[in-house]
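Data block below; observations after.
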Amino acid sequence: MGEFLASTWYTYNTLLYTIFVNGMLALSIYLTLACGQLSLGNAAFMGMGAYTAAILTMKAGAPFGIALIAGGALPALVALIIGIPTLRLSGVYLAMATLGFGEVVRVAFLNMSITGGSLGLNGVPAKTEFWHLLLVMGILIYFFVKLKSSRFGRALEAINEDETAASVMGIRTTLFKVWAFAAGAFIAGVAGGLNAHFTFFVSPREYGFEFAVDILTFAILGGTQTFWGPIVGSTILTLLPELLRFMGPYRLALNGLILLFVVIYLPNGIVSRDTFKKKADRG
Amino acid sequence: MLKVQNIIKDFGGLRVLDGVVFQVAEGAIFGLIGPNGAGKTTVFNIVSGLLQPTDGRVIFNGADITRLPPHAIAAQGISRTFQNIRIFGEMSLLENVLVGMHRLFSYSPAAMFFDLPKKRTEEKLLREKACDILSLVNLEDKADWAAKNLSYGGQRKLELARALATDPKLLLVDEPAAGMNPAETEELMDEIVQINRRGYTICVIEHDMKVIMGICGQIAVLNFGELIAEGSPEEVKRNPLVIEAYLGKEG
(Lines give C-alpha, C1' and ligand atoms only; values in the text may rest on other atoms or scores of the structure.)
Protein backbone atom coordinates (compact mmCIF):
# COMPACT_ATOMS: atom_id res chain seq x y z
CA MET A 1 0.00 0.00 0.00
CA GLY A 2 2.69 2.43 1.05
CA GLU A 3 4.66 1.49 -2.01
CA PHE A 4 1.64 2.07 -4.22
CA LEU A 5 1.05 5.52 -2.71
CA ALA A 6 4.69 6.41 -3.12
CA SER A 7 4.75 5.41 -6.75
CA THR A 8 1.44 7.18 -7.44
CA TRP A 9 2.83 10.30 -5.81
CA TYR A 10 5.98 10.00 -7.83
CA THR A 11 3.98 9.70 -11.08
CA TYR A 12 1.40 12.35 -10.41
CA ASN A 13 2.99 14.91 -8.12
CA THR A 14 3.90 17.16 -11.04
CA LEU A 15 0.29 17.09 -12.19
CA LEU A 16 -0.91 17.94 -8.68
CA TYR A 17 1.62 20.78 -8.40
CA THR A 18 0.48 22.10 -11.78
CA ILE A 19 -3.15 22.06 -10.66
CA PHE A 20 -2.24 24.32 -7.74
CA VAL A 21 -0.11 26.69 -9.84
CA ASN A 22 -2.82 26.95 -12.50
CA GLY A 23 -5.38 27.58 -9.78
CA MET A 24 -3.31 30.52 -8.55
CA LEU A 25 -3.03 31.87 -12.09
CA ALA A 26 -6.79 31.56 -12.56
CA LEU A 27 -7.30 33.51 -9.32
CA SER A 28 -4.80 36.14 -10.50
CA ILE A 29 -6.88 36.90 -13.58
CA TYR A 30 -10.11 36.61 -11.60
CA LEU A 31 -9.11 39.69 -9.59
CA THR A 32 -9.07 41.85 -12.72
CA LEU A 33 -12.16 40.18 -14.19
CA ALA A 34 -13.96 40.85 -10.90
CA CYS A 35 -13.82 44.57 -11.60
CA GLY A 36 -14.75 44.23 -15.26
CA GLN A 37 -11.27 44.39 -16.74
CA LEU A 38 -9.59 41.94 -19.08
CA SER A 39 -5.88 41.28 -18.61
CA LEU A 40 -3.96 39.29 -21.19
CA GLY A 41 -0.69 39.90 -19.39
CA ASN A 42 -0.90 37.33 -16.60
CA ALA A 43 1.25 34.77 -18.44
CA ALA A 44 3.93 37.44 -18.82
CA PHE A 45 3.61 38.33 -15.12
CA MET A 46 4.02 34.67 -14.29
CA GLY A 47 7.13 34.57 -16.46
CA MET A 48 8.59 37.63 -14.77
CA GLY A 49 7.98 36.02 -11.40
CA ALA A 50 9.54 32.74 -12.55
CA TYR A 51 12.69 34.40 -13.90
CA THR A 52 13.05 36.79 -10.98
CA ALA A 53 12.69 34.07 -8.34
CA ALA A 54 14.92 31.61 -10.23
CA ILE A 55 17.68 34.16 -10.82
CA LEU A 56 17.58 35.14 -7.15
CA THR A 57 17.89 31.56 -5.85
CA MET A 58 20.38 30.40 -8.53
CA LYS A 59 22.66 33.38 -8.90
CA ALA A 60 22.25 35.31 -5.66
CA GLY A 61 21.60 32.38 -3.34
CA ALA A 62 18.59 34.16 -1.90
CA PRO A 63 16.26 32.32 0.51
CA PHE A 64 13.27 30.81 -1.29
CA GLY A 65 10.69 32.92 0.56
CA ILE A 66 12.45 36.18 -0.34
CA ALA A 67 12.82 35.06 -3.97
CA LEU A 68 9.10 34.28 -4.18
CA ILE A 69 8.08 37.63 -2.74
CA ALA A 70 10.45 39.45 -5.09
CA GLY A 71 9.01 37.34 -7.91
CA GLY A 72 5.59 38.71 -7.00
CA ALA A 73 6.70 42.27 -6.32
CA LEU A 74 8.38 42.93 -9.66
CA PRO A 75 5.32 42.06 -11.80
CA ALA A 76 3.11 44.00 -9.37
CA LEU A 77 5.30 47.07 -9.83
CA VAL A 78 5.20 46.68 -13.62
CA ALA A 79 1.41 46.26 -13.40
CA LEU A 80 1.20 49.60 -11.61
CA ILE A 81 3.15 51.24 -14.42
CA ILE A 82 0.89 49.74 -17.10
CA GLY A 83 -2.28 50.07 -15.08
CA ILE A 84 -2.18 53.69 -13.97
CA PRO A 85 -2.42 55.20 -17.47
CA THR A 86 -4.68 52.52 -19.03
CA LEU A 87 -7.12 51.93 -16.19
CA ARG A 88 -8.07 55.59 -15.94
CA LEU A 89 -10.14 54.84 -19.03
CA SER A 90 -12.96 52.37 -19.01
CA GLY A 91 -13.23 49.83 -21.77
CA VAL A 92 -10.86 47.44 -23.47
CA TYR A 93 -7.69 49.49 -23.05
CA LEU A 94 -6.17 47.16 -20.47
CA ALA A 95 -6.69 44.16 -22.75
CA MET A 96 -4.94 45.98 -25.60
CA ALA A 97 -2.08 47.21 -23.45
CA THR A 98 -1.46 43.83 -21.81
CA LEU A 99 -1.63 42.03 -25.15
CA GLY A 100 1.23 44.19 -26.42
CA PHE A 101 3.03 44.00 -23.10
CA GLY A 102 2.99 40.19 -23.16
CA GLU A 103 4.79 40.16 -26.51
CA VAL A 104 7.36 42.70 -25.34
CA VAL A 105 8.11 40.59 -22.29
CA ARG A 106 8.38 37.37 -24.32
CA VAL A 107 10.86 38.98 -26.71
CA ALA A 108 12.81 40.46 -23.79
CA PHE A 109 13.12 36.99 -22.18
CA LEU A 110 14.42 35.63 -25.48
CA ASN A 111 17.09 38.26 -25.90
CA MET A 112 18.39 39.16 -22.47
CA SER A 113 21.48 37.38 -21.23
CA ILE A 114 20.41 37.30 -17.59
CA THR A 115 17.36 35.21 -18.59
CA GLY A 116 19.49 32.79 -20.58
CA GLY A 117 18.16 33.86 -23.98
CA SER A 118 16.29 31.24 -25.95
CA LEU A 119 17.68 28.43 -23.79
CA GLY A 120 16.09 29.84 -20.68
CA LEU A 121 17.34 28.93 -17.23
CA ASN A 122 18.21 25.33 -16.47
CA GLY A 123 18.91 23.67 -13.18
CA VAL A 124 16.67 25.81 -11.01
CA PRO A 125 16.97 24.30 -7.53
CA ALA A 126 14.07 22.08 -6.42
CA LYS A 127 12.72 24.13 -3.56
CA THR A 128 8.94 23.99 -3.96
CA GLU A 129 7.43 21.59 -1.44
CA PHE A 130 3.82 20.53 -1.61
CA TRP A 131 3.03 22.36 1.62
CA HIS A 132 4.22 25.62 0.06
CA LEU A 133 1.51 25.28 -2.56
CA LEU A 134 -1.09 24.36 0.05
CA LEU A 135 -0.10 27.34 2.17
CA VAL A 136 -0.20 29.88 -0.67
CA MET A 137 -3.51 28.51 -1.96
CA GLY A 138 -4.90 28.54 1.58
CA ILE A 139 -3.92 32.18 2.06
CA LEU A 140 -5.46 33.09 -1.30
CA ILE A 141 -8.77 31.36 -0.55
CA TYR A 142 -8.89 32.98 2.89
CA PHE A 143 -8.17 36.35 1.27
CA PHE A 144 -10.94 35.96 -1.30
CA VAL A 145 -13.44 34.86 1.35
CA LYS A 146 -12.65 37.95 3.44
CA LEU A 147 -12.66 40.19 0.37
CA LYS A 148 -16.15 39.09 -0.68
CA SER A 149 -17.88 40.39 2.44
CA SER A 150 -15.83 43.57 2.83
CA ARG A 151 -16.13 47.11 1.57
CA PHE A 152 -13.36 46.39 -0.93
CA GLY A 153 -15.09 43.36 -2.44
CA ARG A 154 -18.37 45.25 -2.73
CA ALA A 155 -16.58 48.13 -4.47
CA LEU A 156 -15.02 45.76 -7.04
CA GLU A 157 -18.38 44.13 -7.67
CA ALA A 158 -20.06 47.52 -8.08
CA ILE A 159 -17.38 48.62 -10.56
CA ASN A 160 -17.89 45.39 -12.47
CA GLU A 161 -21.63 45.92 -12.70
CA ASP A 162 -21.70 49.63 -13.48
CA GLU A 163 -18.56 51.71 -13.33
CA THR A 164 -20.39 55.03 -13.75
CA ALA A 165 -22.83 54.36 -10.94
CA ALA A 166 -19.98 53.13 -8.75
CA SER A 167 -18.00 56.35 -9.25
CA VAL A 168 -21.06 58.44 -8.37
CA MET A 169 -21.31 56.43 -5.13
CA GLY A 170 -17.90 57.83 -4.19
CA ILE A 171 -15.82 54.80 -5.20
CA ARG A 172 -12.39 55.66 -6.61
CA THR A 173 -12.79 53.36 -9.57
CA THR A 174 -9.31 53.85 -11.06
CA LEU A 175 -7.63 53.17 -7.73
CA PHE A 176 -9.55 49.92 -7.25
CA LYS A 177 -8.91 48.70 -10.79
CA VAL A 178 -5.19 49.42 -10.56
CA TRP A 179 -5.01 47.77 -7.16
CA ALA A 180 -6.81 44.65 -8.38
CA PHE A 181 -4.61 44.44 -11.48
CA ALA A 182 -1.39 44.80 -9.47
CA ALA A 183 -2.50 42.28 -6.85
CA GLY A 184 -3.34 39.86 -9.67
CA ALA A 185 0.15 40.39 -11.11
CA PHE A 186 1.64 39.67 -7.68
CA ILE A 187 -0.26 36.37 -7.43
CA ALA A 188 0.79 35.39 -10.97
CA GLY A 189 4.42 36.22 -10.16
CA VAL A 190 4.43 34.09 -7.00
CA ALA A 191 2.82 31.24 -8.95
CA GLY A 192 5.60 31.58 -11.54
CA GLY A 193 8.26 31.42 -8.84
CA LEU A 194 6.70 28.31 -7.32
CA ASN A 195 6.40 26.71 -10.75
CA ALA A 196 10.04 27.35 -11.68
CA HIS A 197 11.25 25.66 -8.51
CA PHE A 198 9.58 22.34 -9.21
CA THR A 199 9.94 22.14 -12.99
CA PHE A 200 13.64 23.05 -12.57
CA PHE A 201 13.77 25.21 -15.66
CA VAL A 202 12.34 28.45 -17.01
CA SER A 203 11.84 28.75 -20.72
CA PRO A 204 10.81 31.88 -22.64
CA ARG A 205 8.35 29.83 -24.71
CA GLU A 206 6.05 29.07 -21.80
CA TYR A 207 4.78 32.56 -21.12
CA GLY A 208 3.43 33.74 -24.45
CA PHE A 209 0.04 34.75 -25.74
CA GLU A 210 -1.18 31.17 -25.92
CA PHE A 211 -0.77 30.62 -22.21
CA ALA A 212 -2.34 34.03 -21.46
CA VAL A 213 -5.45 32.79 -23.26
CA ASP A 214 -5.26 29.46 -21.39
CA ILE A 215 -5.33 31.37 -18.09
CA LEU A 216 -8.33 33.34 -19.28
CA THR A 217 -10.04 30.08 -20.29
CA PHE A 218 -9.49 28.65 -16.78
CA ALA A 219 -11.49 31.53 -15.34
CA ILE A 220 -14.18 31.74 -18.01
CA LEU A 221 -14.86 28.00 -18.02
CA GLY A 222 -15.05 27.81 -14.25
CA GLY A 223 -17.15 30.97 -14.00
CA THR A 224 -16.18 34.46 -12.95
CA GLN A 225 -19.05 35.28 -10.62
CA THR A 226 -17.34 33.75 -7.60
CA PHE A 227 -13.69 32.98 -6.92
CA TRP A 228 -14.45 29.25 -6.72
CA GLY A 229 -15.17 29.25 -10.45
CA PRO A 230 -11.59 29.93 -11.60
CA ILE A 231 -10.25 27.30 -9.17
CA VAL A 232 -12.67 24.66 -10.48
CA GLY A 233 -12.06 25.71 -14.09
CA SER A 234 -8.28 25.51 -13.85
CA THR A 235 -8.43 22.14 -12.08
CA ILE A 236 -10.67 20.65 -14.76
CA LEU A 237 -8.64 22.07 -17.62
CA THR A 238 -5.40 20.80 -16.09
CA LEU A 239 -6.81 17.32 -15.48
CA LEU A 240 -8.78 16.95 -18.69
CA PRO A 241 -5.86 16.31 -21.09
CA GLU A 242 -4.56 13.66 -18.67
CA LEU A 243 -7.96 11.99 -18.24
CA LEU A 244 -8.43 11.93 -22.00
CA ARG A 245 -5.05 10.36 -22.63
CA PHE A 246 -6.75 7.08 -23.66
CA MET A 247 -8.22 8.95 -26.64
CA GLY A 248 -4.78 9.17 -28.17
CA PRO A 249 -4.64 11.60 -31.06
CA TYR A 250 -8.30 12.59 -30.62
CA ARG A 251 -7.91 13.96 -27.14
CA LEU A 252 -7.43 17.59 -28.13
CA ALA A 253 -10.57 17.43 -30.26
CA LEU A 254 -12.60 16.01 -27.37
CA ASN A 255 -11.06 18.57 -25.05
CA GLY A 256 -12.30 21.28 -27.40
CA LEU A 257 -15.77 19.73 -27.65
CA ILE A 258 -16.16 19.63 -23.87
CA LEU A 259 -15.20 23.31 -23.68
CA LEU A 260 -17.70 24.12 -26.40
CA PHE A 261 -20.55 22.40 -24.58
CA VAL A 262 -19.75 24.08 -21.27
CA VAL A 263 -19.75 27.50 -22.92
CA ILE A 264 -23.05 26.82 -24.69
CA TYR A 265 -24.94 25.24 -21.81
CA LEU A 266 -23.33 26.98 -18.83
CA PRO A 267 -22.73 30.54 -20.05
CA ASN A 268 -21.92 31.70 -16.50
CA GLY A 269 -19.32 28.97 -16.15
CA ILE A 270 -19.40 25.73 -14.21
CA VAL A 271 -19.69 27.47 -10.85
CA SER A 272 -22.01 30.49 -10.73
CA ARG A 273 -23.67 32.53 -8.03
CA ASP A 274 -26.76 30.37 -8.24
CA THR A 275 -24.71 27.29 -7.40
CA PHE A 276 -24.46 28.60 -3.84
CA LYS A 277 -27.87 30.16 -3.30
CA LYS A 278 -30.53 28.24 -5.10
CA LYS A 279 -33.41 29.67 -3.12
CA ALA A 280 -32.07 32.67 -1.27
CA ASP A 281 -32.30 35.32 -3.95
CA ARG A 282 -35.68 34.36 -5.32
CA GLY A 283 -38.46 36.49 -3.96
CA MET B 1 -25.84 75.88 -1.88
CA LEU B 2 -25.35 74.89 -5.52
CA LYS B 3 -24.48 77.55 -8.07
CA VAL B 4 -24.35 76.64 -11.73
CA GLN B 5 -22.57 79.47 -13.52
CA ASN B 6 -22.72 79.97 -17.29
CA ILE B 7 -22.31 76.32 -18.20
CA ILE B 8 -21.59 75.71 -21.86
CA LYS B 9 -21.30 72.18 -23.20
CA ASP B 10 -20.46 71.23 -26.78
CA PHE B 11 -20.61 67.69 -28.12
CA GLY B 12 -18.53 68.02 -31.27
CA GLY B 13 -20.09 70.88 -33.18
CA LEU B 14 -23.37 70.67 -31.32
CA ARG B 15 -23.97 73.07 -28.43
CA VAL B 16 -26.23 71.25 -25.98
CA LEU B 17 -25.96 73.73 -23.10
CA ASP B 18 -25.56 77.43 -23.73
CA GLY B 19 -24.86 79.56 -20.72
CA VAL B 20 -27.02 77.79 -18.15
CA VAL B 21 -27.23 79.66 -14.85
CA PHE B 22 -29.24 78.73 -11.78
CA GLN B 23 -28.95 78.41 -8.03
CA VAL B 24 -30.34 75.85 -5.62
CA ALA B 25 -30.96 77.15 -2.12
CA GLU B 26 -30.24 74.98 0.91
CA GLY B 27 -33.26 72.96 2.03
CA ALA B 28 -35.20 73.50 -1.18
CA ILE B 29 -36.80 71.19 -3.67
CA PHE B 30 -35.65 72.66 -6.92
CA GLY B 31 -37.17 71.61 -10.23
CA LEU B 32 -35.27 71.50 -13.50
CA ILE B 33 -37.80 71.06 -16.26
CA GLY B 34 -37.93 71.22 -20.01
CA PRO B 35 -39.02 69.25 -23.05
CA ASN B 36 -37.18 66.08 -24.06
CA GLY B 37 -33.69 66.80 -25.34
CA ALA B 38 -33.45 70.16 -23.60
CA GLY B 39 -30.18 69.23 -21.85
CA LYS B 40 -31.45 68.54 -18.34
CA THR B 41 -29.58 65.29 -17.82
CA THR B 42 -26.42 66.87 -19.26
CA VAL B 43 -26.63 69.45 -16.46
CA PHE B 44 -26.78 66.63 -13.91
CA ASN B 45 -23.89 64.82 -15.58
CA ILE B 46 -21.78 67.96 -15.34
CA VAL B 47 -22.72 68.67 -11.71
CA SER B 48 -21.98 65.06 -10.69
CA GLY B 49 -18.66 65.07 -12.55
CA LEU B 50 -19.45 62.50 -15.24
CA LEU B 51 -18.97 65.15 -17.93
CA GLN B 52 -16.68 68.16 -18.07
CA PRO B 53 -18.29 71.41 -19.23
CA THR B 54 -16.76 73.22 -22.21
CA ASP B 55 -16.96 76.42 -20.18
CA GLY B 56 -18.49 77.69 -16.95
CA ARG B 57 -18.28 76.69 -13.32
CA VAL B 58 -20.14 74.67 -10.73
CA ILE B 59 -19.87 76.00 -7.18
CA PHE B 60 -21.01 73.86 -4.26
CA ASN B 61 -21.06 75.35 -0.77
CA GLY B 62 -18.54 77.95 -1.88
CA ALA B 63 -16.07 75.49 -3.39
CA ASP B 64 -15.41 75.15 -7.12
CA ILE B 65 -16.15 71.53 -8.01
CA THR B 66 -16.19 71.97 -11.77
CA ARG B 67 -13.45 69.59 -12.82
CA LEU B 68 -13.40 67.18 -9.90
CA PRO B 69 -13.83 63.46 -10.67
CA PRO B 70 -17.19 61.89 -9.72
CA HIS B 71 -15.92 60.22 -6.53
CA ALA B 72 -14.55 63.53 -5.24
CA ILE B 73 -17.86 65.25 -5.93
CA ALA B 74 -19.64 62.45 -4.08
CA ALA B 75 -17.29 63.10 -1.17
CA GLN B 76 -18.36 66.77 -1.20
CA GLY B 77 -21.92 65.59 -0.57
CA ILE B 78 -23.66 65.39 -3.93
CA SER B 79 -25.42 62.21 -4.92
CA ARG B 80 -27.77 61.34 -7.75
CA THR B 81 -30.09 58.84 -9.35
CA PHE B 82 -30.20 57.99 -13.04
CA GLN B 83 -33.00 58.35 -15.54
CA ASN B 84 -32.26 54.89 -16.95
CA ILE B 85 -32.02 52.96 -13.69
CA ARG B 86 -28.45 51.94 -12.84
CA ILE B 87 -28.67 49.71 -9.81
CA PHE B 88 -26.22 46.85 -9.24
CA GLY B 89 -28.56 44.06 -10.40
CA GLU B 90 -26.61 41.01 -9.23
CA MET B 91 -26.04 42.40 -5.75
CA SER B 92 -28.60 42.27 -2.97
CA LEU B 93 -30.62 45.33 -1.99
CA LEU B 94 -28.60 45.57 1.21
CA GLU B 95 -25.32 45.41 -0.71
CA ASN B 96 -26.54 48.12 -3.08
CA VAL B 97 -27.13 50.42 -0.14
CA LEU B 98 -23.79 49.39 1.42
CA VAL B 99 -22.03 50.38 -1.81
CA GLY B 100 -23.73 53.75 -1.45
CA MET B 101 -22.22 53.97 2.04
CA HIS B 102 -18.75 53.24 0.65
CA ARG B 103 -17.16 56.45 1.84
CA LEU B 104 -18.56 56.07 5.37
CA PHE B 105 -16.40 52.96 5.82
CA SER B 106 -12.82 53.51 6.89
CA TYR B 107 -11.29 50.15 7.84
CA SER B 108 -8.05 49.15 6.14
CA PRO B 109 -7.24 46.13 3.95
CA ALA B 110 -5.31 44.72 6.92
CA ALA B 111 -8.41 45.02 9.10
CA MET B 112 -10.29 43.13 6.41
CA PHE B 113 -7.70 40.35 6.14
CA PHE B 114 -7.27 39.80 9.87
CA ASP B 115 -10.94 40.39 10.67
CA LEU B 116 -10.01 43.07 13.22
CA PRO B 117 -12.64 44.48 15.62
CA LYS B 118 -12.68 47.79 13.74
CA LYS B 119 -13.88 46.01 10.63
CA ARG B 120 -16.49 43.96 12.49
CA THR B 121 -17.98 46.89 14.39
CA GLU B 122 -18.02 49.11 11.32
CA GLU B 123 -19.69 46.46 9.18
CA LYS B 124 -22.27 45.73 11.87
CA LEU B 125 -23.10 49.39 12.51
CA LEU B 126 -23.37 50.34 8.85
CA ARG B 127 -25.38 47.22 7.96
CA GLU B 128 -27.93 48.30 10.57
CA LYS B 129 -27.94 51.77 9.10
CA ALA B 130 -28.38 50.33 5.60
CA CYS B 131 -31.47 48.44 6.83
CA ASP B 132 -32.86 51.71 8.21
CA ILE B 133 -32.35 53.39 4.85
CA LEU B 134 -34.11 50.52 3.07
CA SER B 135 -37.05 50.90 5.42
CA LEU B 136 -37.30 54.60 4.43
CA VAL B 137 -38.42 53.41 0.99
CA ASN B 138 -40.33 50.38 2.33
CA LEU B 139 -37.94 47.80 0.94
CA GLU B 140 -36.53 46.42 4.21
CA ASP B 141 -38.36 43.11 3.90
CA LYS B 142 -36.62 42.44 0.58
CA ALA B 143 -33.09 43.27 1.78
CA ASP B 144 -31.67 39.89 0.66
CA TRP B 145 -33.22 39.90 -2.79
CA ALA B 146 -31.02 40.32 -5.83
CA ALA B 147 -31.77 43.85 -6.99
CA LYS B 148 -32.54 42.69 -10.54
CA ASN B 149 -35.57 40.78 -9.22
CA LEU B 150 -37.26 43.97 -7.98
CA SER B 151 -40.13 45.53 -9.88
CA TYR B 152 -39.42 48.64 -11.94
CA GLY B 153 -40.89 50.92 -9.29
CA GLY B 154 -38.94 49.05 -6.62
CA GLN B 155 -35.70 49.57 -8.52
CA ARG B 156 -36.38 53.32 -8.70
CA LYS B 157 -36.91 53.37 -4.94
CA LEU B 158 -33.75 51.35 -4.39
CA GLU B 159 -31.78 53.86 -6.45
CA LEU B 160 -33.14 56.62 -4.26
CA ALA B 161 -32.14 54.67 -1.16
CA ARG B 162 -28.66 54.02 -2.51
CA ALA B 163 -28.21 57.73 -3.28
CA LEU B 164 -29.37 58.61 0.24
CA ALA B 165 -26.90 56.11 1.68
CA THR B 166 -23.99 58.27 0.54
CA ASP B 167 -25.21 60.78 3.16
CA PRO B 168 -25.48 63.61 0.65
CA LYS B 169 -26.23 67.25 1.29
CA LEU B 170 -27.67 67.62 -2.19
CA LEU B 171 -29.60 64.91 -3.97
CA LEU B 172 -30.01 65.07 -7.76
CA VAL B 173 -33.03 63.05 -8.88
CA ASP B 174 -33.27 62.42 -12.62
CA GLU B 175 -36.84 61.88 -13.89
CA PRO B 176 -38.05 59.73 -11.02
CA ALA B 177 -41.50 59.42 -12.57
CA ALA B 178 -40.29 58.05 -15.92
CA GLY B 179 -42.21 54.90 -16.76
CA MET B 180 -44.44 55.06 -13.71
CA ASN B 181 -48.21 55.22 -13.59
CA PRO B 182 -49.95 58.23 -11.99
CA ALA B 183 -50.50 56.48 -8.64
CA GLU B 184 -46.88 55.36 -8.40
CA THR B 185 -45.73 58.82 -9.43
CA GLU B 186 -47.74 60.44 -6.69
CA GLU B 187 -46.35 58.02 -4.10
CA LEU B 188 -42.81 58.75 -5.27
CA MET B 189 -43.34 62.52 -5.14
CA ASP B 190 -44.58 62.06 -1.56
CA GLU B 191 -41.42 60.16 -0.76
CA ILE B 192 -39.29 62.94 -2.25
CA VAL B 193 -41.08 65.47 -0.05
CA GLN B 194 -40.50 63.20 2.97
CA ILE B 195 -36.81 62.95 2.15
CA ASN B 196 -36.63 66.73 1.79
CA ARG B 197 -38.20 67.15 5.25
CA ARG B 198 -35.38 65.09 6.71
CA GLY B 199 -33.04 67.90 5.72
CA TYR B 200 -31.81 66.91 2.26
CA THR B 201 -31.74 69.56 -0.46
CA ILE B 202 -33.18 68.09 -3.64
CA CYS B 203 -32.94 68.97 -7.31
CA VAL B 204 -35.43 67.09 -9.51
CA ILE B 205 -35.47 66.74 -13.28
CA GLU B 206 -38.81 66.24 -14.92
CA HIS B 207 -40.22 66.82 -18.36
CA ASP B 208 -43.84 66.67 -17.26
CA MET B 209 -44.47 70.02 -15.58
CA LYS B 210 -47.59 68.90 -13.74
CA VAL B 211 -45.71 66.24 -11.82
CA ILE B 212 -43.44 68.58 -9.91
CA MET B 213 -45.40 71.84 -9.87
CA GLY B 214 -46.84 70.80 -6.53
CA ILE B 215 -43.62 69.98 -4.72
CA CYS B 216 -41.03 72.49 -5.97
CA GLY B 217 -40.51 75.92 -4.51
CA GLN B 218 -38.35 77.06 -7.36
CA ILE B 219 -38.18 75.91 -10.97
CA ALA B 220 -35.80 76.49 -13.86
CA VAL B 221 -36.89 75.75 -17.41
CA LEU B 222 -34.46 74.58 -20.09
CA ASN B 223 -35.19 74.50 -23.79
CA PHE B 224 -32.61 73.55 -26.43
CA GLY B 225 -29.81 74.08 -23.93
CA GLU B 226 -30.88 77.55 -22.91
CA LEU B 227 -32.47 78.67 -19.70
CA ILE B 228 -35.75 80.26 -20.72
CA ALA B 229 -37.36 80.89 -17.35
CA GLU B 230 -36.75 80.65 -13.64
CA GLY B 231 -39.02 81.33 -10.71
CA SER B 232 -41.86 79.96 -8.62
CA PRO B 233 -44.15 77.37 -10.25
CA GLU B 234 -46.84 80.04 -10.69
CA GLU B 235 -44.49 82.45 -12.44
CA VAL B 236 -43.07 79.74 -14.67
CA LYS B 237 -46.50 78.46 -15.65
CA ARG B 238 -47.53 81.91 -16.90
CA ASN B 239 -44.28 82.63 -18.74
CA PRO B 240 -45.06 82.91 -22.47
CA LEU B 241 -41.66 81.41 -23.43
CA VAL B 242 -42.41 78.31 -21.37
CA ILE B 243 -45.86 77.94 -22.86
CA GLU B 244 -44.33 78.25 -26.28
CA ALA B 245 -41.67 75.64 -25.56
CA TYR B 246 -44.22 73.14 -24.36
CA LEU B 247 -47.18 73.89 -26.58
CA GLY B 248 -45.70 75.63 -29.62
CA LYS B 249 -46.33 79.13 -30.90
CA GLU B 250 -49.83 80.41 -31.51
CA GLY B 251 -50.45 80.62 -35.22
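Given the structure is predicted, the values throughout are model-derived calculations rather than measurements. Per chain, numbering begins at 1; letters A, B, ... match sequence-line order. Below, each value reflects all heavy atoms present in this structure, side chains not excepted, and no hydrogens, waters or symmetry copies.
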For this session: With a 4.5 angstrom heavy-atom cut-off, could you sort out which part of Pro109(B) is near chain A: side chain, backbone, both or neither?
Result: both
Exercise. Looking at NE2 of His102(B) and CZ of Arg151(A), how far apart are the two atoms once the value is rounded to the nearest 0.5 Å?
Worked result: 5.5 Å
Exercise. Crowded around Arg67(B) CZ? As in, over 12 foreign heavy atoms under 6.0 Å?
Worked result: yes
For this session: Can you see which heavy atom on Pro70(B) is nearest to which on Val168(A), and at what distance?
Result: CB-N, 4.3 Å
Seminar exercise, completed: Here the gap from Met169(A) atom CE to Thr166(B) atom OG1, rounded to the nearest 0.5 Å, amounts to 6.0 Å
Exercise. With only heavy atoms counted, which part of Arg120(B) is less than 4.5 Å from chain A, the side chain, the backbone, both or neither?
Worked result: neither
For this session: Evaluate side chain to side chain contact (heavy atoms under 4.5 Å, CB included) for Phe88(B) paired with Ile159(A), printing each intermediate quantity in order.
Result: CA-CA 9 Å; Phe88(B) 307 120; Ile159(A) 294 169; over 6 Å; no
For this session: Flag yes if more than 12 heavy atoms outside Glu26(B) fall under 6.0 Å of its CD atom; otherwise flag no.
Result: no
Exercise. Nearest 0.5 Å, what's the CE-CZ distance between Met91(B) and Arg154(A)?
Worked result: 7.0 Å
Seminar exercise, completed: Rounded to the nearest 0.5 angstrom, the NE2-OG1 distance for His71(B) and Thr174(A) is 7.0 Å
For this session: Find the distance between CZ (Phe152(A)) and CZ (Phe105(B)) and round it off to the nearest 0.5 Å.
Result: 10.0 Å
Exercise. Between Glu161(A) (side chain) and Gly89(B) (backbone), is there a donor-acceptor pair under 3.5 Å?
Worked result: yes
Exercise. What part of Phe82(B) gets closer than 4.5 Å to chain A, counting heavy atoms only: side chain, backbone, both or neither?
Worked result: side chain
For this session: Could you check Phe143(A) against Met112(B) for side chain to side chain contact (heavy atoms under 4.5 Å, CB included), going step by step and ending with a plain yes or no?
Result: CA-CA 9 Å; Phe143(A) 168 77; Met112(B) 171 199 94; 3.7 Å; yes
For this session: With a 4.5 Å cut-off on heavy-atom pairs, point out which of Ala155(A), Ser167(A), Ser149(A) contacts chain B the most.
Result: Ser167(A)
For this session: Output the option from Val145(A), Thr164(A), Thr173(A) having the highest count of non-hydrogen pairs under 4.5 Å with chain B.
Result: Thr164(A)
Exercise. When you look at OH of Tyr93(A), are more than 12 heavy atoms from neighbouring residues, nucleotides or ligands closer to it than 6.0 Å?
Worked result: no
